[in-house]
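Everything numeric here is computed off the predicted structure, so don't read it as measured data. Throughout, residue positions are numbered sequentially from 1 according to the sequence presented.
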Amino acid sequence: QVQLVESGGGSVQSGGSLRLSCVASGYVYKRYCMGWFRQAPGKEREVVATIDRGGNDRTSYTDSVKGRFTISQDNAKHTLYLEMNGLKPEDTAMYYCAAEADLPPGYCGLGTRFTWWGQGTQVTVSS
């Protein structure tokens, strides 16, 4: 069992920045696929970015955030980050981190199905 707790959300103006954090605890696997998702009111949940922990930290991003968002990790702190710059009103959503364990090499990406989820942190961007 893996527990995930997000933090760092808030309200910013368009063009601003935020850094989300996700602390993982619980059972330790050899490798993880980690991801950030978001869900805006009335819309389906969408993947934002993934990182293959144990797979050379290979990252993937959805097109709408490329060049603005950066996913990273601190293994010593068991923490996943999402650095968000150039925020836009359309980035407003609840942001969730997710984890999946022991995937074969190359299987961590935007299409991965995740088992463990955090409770979410709200990001609101005003114009």
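- Sparse packing is recorded around CD of Q119, with 12 or fewer heavy atoms of other residues, nucleotides or ligands lying under 6.0 Å away.
- The two residues K77 and V23 have their closest heavy-atom pair at O-CG1, 4.5 Å.
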Worked check of side chain to side chain contact (heavy atoms under 4.5 Å, CB included) between I51 and Q73 = CA-CA 8 Å; I51 185 166; Q73 60 187 2; 4.0 Å; yes
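- For the pair K88 and D91, the salt-bridge criterion is not met [side-chain N within less than 4.0 Å of a carboxylate O].
- Remark: the backbone N or O of N85 is not paired with any side-chain donor or acceptor of S17 at under 3.5 angstrom.
- With hydrogens and angles disregarded, no donor-acceptor distance shorter than 3.5 Å links the side chain of T92 to the backbone of E90.
- Of the possible polar contacts, one joining the E6 side chain to the G120 backbone as a donor-acceptor pair under 3.5 Å is found.
- Contact between A49 and L110 at its shortest, heavy atoms only, is CA-CD2, 4.5 Å.
- Residues Y32 and A99 share a closest heavy-atom pair of CD2-CB, 4.5 Å.
- Heavy atoms only, all atoms of each residue included: G35 and F114 are closest at N-CE2, 3.8 Å.
- Between W36 and F69, the distance from one ring center to the other does not fall under 6.0 angstrom.
- For N56 (side chain) and R58 (main-chain N/O), no donor-acceptor pair under 3.5 Å exists by modelled atom type.
- Between M84 and V123 there is a side-chain heavy-atom pair separated by less than 4.5 Å.
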When you look at L20 and Y81, which way does the side chain to side chain contact (heavy atoms under 4.5 Å, CB included) test go after all the steps?
-> CA-CA 5 Å; L20 306 183; Y81 300 102; over 6 Å; no
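- In terms of modelled atom types and a separation under 3.5 Å, the side chain of R53 and the main chain of N75 share no donor-acceptor contact.
- Counting only distance, with no hydrogens or angles, the side chain of T124 and the backbone of A93 share no donor-acceptor pair below 3.5 Å.
- Without hydrogens or angle criteria, E46 side chain to R38 main chain gives no donor-acceptor distance under 3.5 Å.
- Here the side chain of Y61 pairs a donor or acceptor atom with the backbone of I71 at under 3.5 angstrom.
- T115 and E100 share a side-chain donor-acceptor pair at under 3.5 Å.
- Inter-residue side-chain proximity for D52 and T59 is flagged as unmet; no heavy-atom pair is nearer than 4.5 Å.
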